[in-house]
Participant: 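Here it is: the structure, laid out below.
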Amino acid sequence: MGVVTTMDPESARQPQVPPQGKLSNSGPVFVAGRGTGLRPRGKHYVCGSVAAFTNIIITFPIQKVLFRQQLHGLRATEAVQQLQREGLRNLYRGLLPPLLQKTTTVAIMFGLYEDFSRLLLQHAHGSGAPELLTRSMAAALAGTAEAALTPFERVQTLLQDHRHNGRFQNTAHAFRTLLRDYGVKECYRGLVPVLLRNGPSNVLFFGLRGPIKQRLPDAHTKTGHLLNDFVCGGLLGAALGIMFYPLNVVKSRAQAQVGGEFVPCLRVLATVWRERGGSVALLFRGATLNYHRSLLSWGIINATYELLLKVV
């Protein structure tokens with residue numbers, strides 16, 4: 001019996017075939033077989049990116065309502081009414097940053113996880129290091145790399161905050177203003193909560209995705225497999241969304257500020273806690289909507305990603 005792992009990399013889903021191809025100075029070049037359109041090392045990035053694009057287009061209005069709840073502590077109905085007053089024209093205002101950010105970060109998330117897993121497993125071969133630990137490290141490294149795209153989340157926050165509607169015209173204008181008036185550092189405001197969120201959440205996502213899917217009813221049709229992938233990704237995304245929700249509240253509050261002191265995470269959290277009367281319920285205001293949005297978003301991402309892996 002082979003080794004059982006809780007992680008779910010591509011190498012665990014497909015039969016291992018001895019690589020064929022030329023050797024270059026940088027190592028073996030793997031060439032996809034006939035009928036495949038992308039090299040194995042590249043398809044995870046493409047599939048992740050397309051999956052994220054599909055998700056953002058569908059769920060952006062929900063995310064905007066959720067953002068207003070996180071930032072201002074509004075009820076869902078109040079946030080929806082606020083968006084209604086701003087009009088349909090502004091509903092998709094701020095779409096470009098999350099579209100660019102999410103399509104890239106999800107591509108990095110899946111692609112780098114596969115690449116780091118392959119690289120670390122090669123180096124750990126014969127060392128006795130547990131495979132679970134090695135792949136957990138790969139997931140954490142991929143999540144950390146995603147944080148390089150924090151400026152997109154930063155600009156998204158500014159464009160979704162109605163208090164900045166008159167100051168920033170669009171994505172390009174927001175970036176120009178931040179870089180011209182405050183420098184590159186301002187674009188990375190809120191980096192610490194992003195780092196604290198990305199690494200651990202990636203470890204849990206990739207570590208639990210396989211075991212959860214194994215416990216779902218066996219699928220015998222393409223639709224059944226698609227549904228199982230949706231349920232698996234959705235449940236994981238929703239649970240992780242609740243677990244890391246306070247970090248997203250801290251991130252939103254920090255990134256809504258333009259200029260001034262870079263306030264540490266704990267001070268931001270303490271300020272929000274004090275403003276909301278020391279209430280856990282108010283701190284988690286918006287978490288219910290976040291749960292349902294994450295359920296839908298990560299269900300779409302995981303199902304679309306797995307579907308594309310089979311056809312690309």
Participant: Establish whether Leu295 and Leu236 are linked, either directly or via other cluster members, by ILVMFWY side-chain heavy-atom contacts under 4.5 Å.
Facilitator: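 Per the 4.5 Å side-chain linkage, Leu295 and Leu236 are not co-clustered.
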Participant: Determine, stepwise, if the pair Gln257 / Phe262 fulfils side chain to side chain contact (heavy atoms under 4.5 Å, CB included).
Facilitator: CA-CA 9 Å; Gln257 176 184 337; Phe262 279 71; over 6 Å; no
Participant: Specify the closest pair of heavy atoms between Val258 and Glu186, including all atoms of both residues, with the distance to one decimal.
Facilitator: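 Shortest heavy-atom contact: CA-OE2, 3.7 Å.
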Participant: Answer yes or no: is there a side-chain heavy-atom contact under 4.5 Å between Phe60 and Gln160?
Facilitator: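 Answer yes - side chains close enough.
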Participant: Determine whether a donor-acceptor pair (N or O, by modelled atom type, separation under 3.5 Å) exists between the side chain of Thr221 and the backbone of Gly224.
Facilitator: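 Answer holds: yes.
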Participant: Hey, could you give me the CE/OG distance between Met137 and Ser117, rounded to the nearest 0.5 Å?
Facilitator: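 It comes to 11.0 Å.
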Participant: Any sub-3.5 Å donor-acceptor pair from Arg154's side-chain atoms to Gln255's backbone N or O?
Facilitator: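 Yes, the answer is positive, given that a donor and an acceptor are paired below the 3.5 Å cut-off.
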Participant: What distance separates Gln81 CD from Leu83 CG, expressed to the nearest 0.5 Å?
Facilitator: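 The CD atom of Gln81 sits 10.5 Å away from the CG atom of Leu83.
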Participant: Looking at side-chain heavy atoms only, is the closest gap between Leu283 and Leu269 below 4.5 Å?
Facilitator: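 Heavy-atom side-chain distance check passes, below 4.5 Å.
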Participant: Just wondering, do Leu112 and Tyr45 contact through their side chains at under 4.5 Å, heavy atoms?
Facilitator: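 Yes. Closest side-chain heavy atoms under 4.5 Å.
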Participant: Hey, is the main chain of Leu74 close enough, under 3.5 Å, to the side chain of Arg68 for a donor-acceptor pair?
Facilitator: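 Side chain of Arg68 to backbone of Leu74: no pair is present.
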Participant: Is a donor on one side and an acceptor on the other found under 3.5 Å between the side chain of Arg93 and the backbone of Leu159?
Facilitator: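 Yes; at least one donor-acceptor contact below 3.5 Å.
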Participant: Do the side chains of Val249 and Val280 join up, straight or via other hydrophobic residues, at under 4.5 Å, putting them in one cluster?
Facilitator: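 Linked within one cluster.
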Participant: Does Thr103 reach the main-chain N or O of Leu100 with its side chain, forming a donor-acceptor pair under 3.5 Å?
Facilitator: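 Yes, because the side chain of Thr103 sits within donor-acceptor range (under 3.5 Å) of the backbone of Leu100.
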Participant: Would you call Glu78 and Arg285 a salt bridge, taking side-chain N to carboxylate O under 4.0 Å as the test?
Facilitator: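 No, no charged N to carboxylate O under 4.0 Å.
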Participant: Could I get the full list of side-chain hydrogen bond (donor to acceptor under 3.5 Å, both in side chains) partners for Lys64, not counting sequence neighbours?
Facilitator: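 Once residues adjacent in sequence are excluded, Lys64 has no partner under the side-chain hydrogen bond (donor to acceptor under 3.5 Å, both in side chains) criterion.
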Participant: Near Arg180 CZ, under 6.0 Å, is it more than 12 heavy atoms from other residues, nucleotides or ligands?
Facilitator: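 It does: Arg180 CZ has more than 12 such atoms within range.
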Participant: For the CG atom of Asn228 and the CD atom of Gln214, what is their distance to the nearest 0.5 Å?
Facilitator: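 Taking CG in Asn228 and CD in Gln214, the distance rounds to 11.5 Å.
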Participant: How close do Ile300 and Thr304 get, counting heavy atoms only, and between which atoms?
Facilitator: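 Minimum heavy-atom contact is O-OG1, 2.6 Å.
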Participant: What's in the same ILVMFWY side-chain cluster as Leu307, cut-off under 4.5 Å, chained through other members?
Facilitator: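 Members besides Leu307, by chain and number: Leu226.
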Participant: Asn198 versus Thr105: any side-chain heavy-atom pair under 4.5 Å?
Facilitator: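 They are not in side-chain contact.
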Participant: Are any of the side-chain heavy atoms of Arg253 and Glu275 separated by less than 4.5 Å?
Facilitator: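 Yes - at least one pair of side-chain heavy atoms lies under 4.5 Å apart.
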Participant: Leu195 vs Thr144, test: side chain to side chain contact (heavy atoms under 4.5 Å, CB included). Steps then yes/no.
Facilitator: CA-CA 6 Å; Leu195 286 169; Thr144 301; 4.0 Å; yes
Participant: Are Ile212 and Val231 connected, step by step, through hydrophobic side chains (Ile, Leu, Val, Met, Phe, Trp, Tyr) whose heavy atoms are closer than 4.5 Å?
Facilitator: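 No, because Ile212 and Val231 fall into different hydrophobic clusters, even though each may have its own neighbours under 4.5 Å.
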Participant: Is the shortest distance from a Lys or Arg side-chain nitrogen in Arg267 or Glu261 to a carboxylate oxygen in the other one below 4.0 Å?
Facilitator: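 Result for this pair is yes, salt bridge flagged.
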Participant: So, does His123 use its side chain to make a donor-acceptor pair with the main chain of Leu119 at under 3.5 Å?
Facilitator: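 Answer holds: yes.
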Participant: Please name the pair of heavy atoms, one in Thr157 and one in Ala256, separated by the smallest distance, quoted to 0.1 Å.
Facilitator: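 Closest approach of Thr157 to Ala256: CG2-N, 3.8 Å.
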Participant: As an exercise, state the distance from OG of Ser252 to CG of Asp161, rounded to the nearest 0.5 Å.
Facilitator: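 If I round to the nearest 0.5 Å, the distance is 9.5 Å.
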Participant: Tell me every residue that passes ring-ring contact (aromatic ring centres under 6.0 Å, His included) with Phe53, counting only those two or more places apart in sequence or in another chain.
Facilitator: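 Checked Phe53 against ring-ring contact (aromatic ring centres under 6.0 Å, His included); zero matches.
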Participant: Do Ile242 and Ile62 land in one hydrophobic cluster if side-chain heavy atoms of ILVMFWY residues count as linked below 4.5 Å?
Facilitator: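 Not linked; separate clusters.
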Participant: Measure across Cys232 and Arg209 and return the closest heavy-atom pair with its distance rounded to 0.1 Å.
Facilitator: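 Minimum heavy-atom contact is SG-O, 3.2 Å.
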Participant: Do Phe152 and Leu191 land in one hydrophobic cluster if side-chain heavy atoms of ILVMFWY residues count as linked below 4.5 Å?
Facilitator: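 No, because Phe152 and Leu191 fall into different hydrophobic clusters, even though each may have its own neighbours under 4.5 Å.
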Participant: Which donor-acceptor pairs under 3.5 Å do side chains of residues 169-179 form with protein atoms, sequence neighbours excluded?
Facilitator:
residue, atom, partner, partner atom, Å
Asn170, OD1, Ala172, N, 3.3
Asn170, OD1, His173, N, 2.8
His173, ND1, Gln169, N, 3.2
Thr177, OG1, His173, O, 2.8

Participant: When you measure from the side chain of Tyr92 to the backbone N and O of Pro61, does any donor-acceptor pair fall under 3.5 Å?
Facilitator: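 It does not hold such a pair.
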Participant: I need the minimum non-hydrogen distance between Gly48 and Phe110, along with the two atoms involved.
Facilitator: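 Looking at all heavy atoms of both residues, the shortest contact is CA-CD1, 4.1 Å.
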Participant: Would the number of heavy atoms belonging to other residues, nucleotides or ligands and lying under 6.0 Å from CG of Asp181 be above 12?
Facilitator: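 Enclosed: over 12 neighbouring heavy atoms sit under 6.0 Å from CG of Asp181.
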Participant: Just do the side chain to side chain contact (heavy atoms under 4.5 Å, CB included) check on Leu296 and Arg293 with the steps written out, would you?
Facilitator: CA-CA 5 Å; Leu296 178 62; Arg293 181 197 64 83; 5.9 Å; no
Participant: Run the side chain to side chain contact (heavy atoms under 4.5 Å, CB included) test against Asn248 and tell me which residues pass, sequence neighbours left out.
Facilitator: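 With neighbours one apart ignored, the set is Gln70, Arg197, Lys251.
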Participant: Take Val250 and Val272 through the test side chain to side chain contact (heavy atoms under 4.5 Å, CB included) and record every step on the way to the result.
Facilitator: CA-CA 8 Å; Val250 170; Val272 174; 5.8 Å; no
Participant: Kindly indicate whether the side chain of His162, heavy atoms from C-beta on, has any atom under 4.5 Å from the side chain of Arg85.
Facilitator: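 When only atoms from C-beta onward are counted, Arg85 and His162 do not touch, as no gap falls below 4.5 Å.
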Participant: For Leu282, is there any backbone N or O sitting under 3.5 Å from a side-chain donor or acceptor partner on Arg276?
Facilitator: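 A pair under 3.5 Å: yes.
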Participant: What distance do Glu86 atom CD and Leu91 atom CG have between them, rounded to the nearest 0.5 Å?
Facilitator: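 It comes to 9.5 Å.
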Participant: Which pairs count as ring pair (Phe, Tyr, Trp, His ring centres under 6.0 Å) when at least one residue sits in residues 272-304, sequence neighbours excluded?
Facilitator: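 Checked against ring pair (Phe, Tyr, Trp, His ring centres under 6.0 Å) - neighbours excluded - the pairs reaching residues 272-304 are Phe205-Trp298, Tyr245-Phe284.
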Participant: Going by atom types only, do Tyr305 and Asn55 share a side-chain donor-acceptor pair under 3.5 Å?
Facilitator: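 There is no such pair between these side chains.
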Participant: Under the 3.5 angstrom rule, does the side chain of Arg189 hit a backbone N or O of Gly259 as a donor-acceptor pair?
Facilitator: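 Present.
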Participant: Hey, could you give me the OG/CG distance between Ser294 and Leu235, rounded to the nearest 0.5 Å?
Facilitator: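 It comes to 11.5 Å.
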Participant: Kindly give the heavy-atom pair with the smallest separation between Val194 and Ala147, and that separation in Å.
Facilitator: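 Of all heavy-atom pairs spanning Val194 and Ala147, the closest is CG1-CB, 4.0 Å.
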Participant: Looking at Asn302 and Asp229, would you say the former's side chain and the latter's main chain have a donor-acceptor pair under 3.5 Å?
Facilitator: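 Side chain of Asn302 to backbone of Asp229, a donor-acceptor pair under 3.5 Å: yes, one is there.
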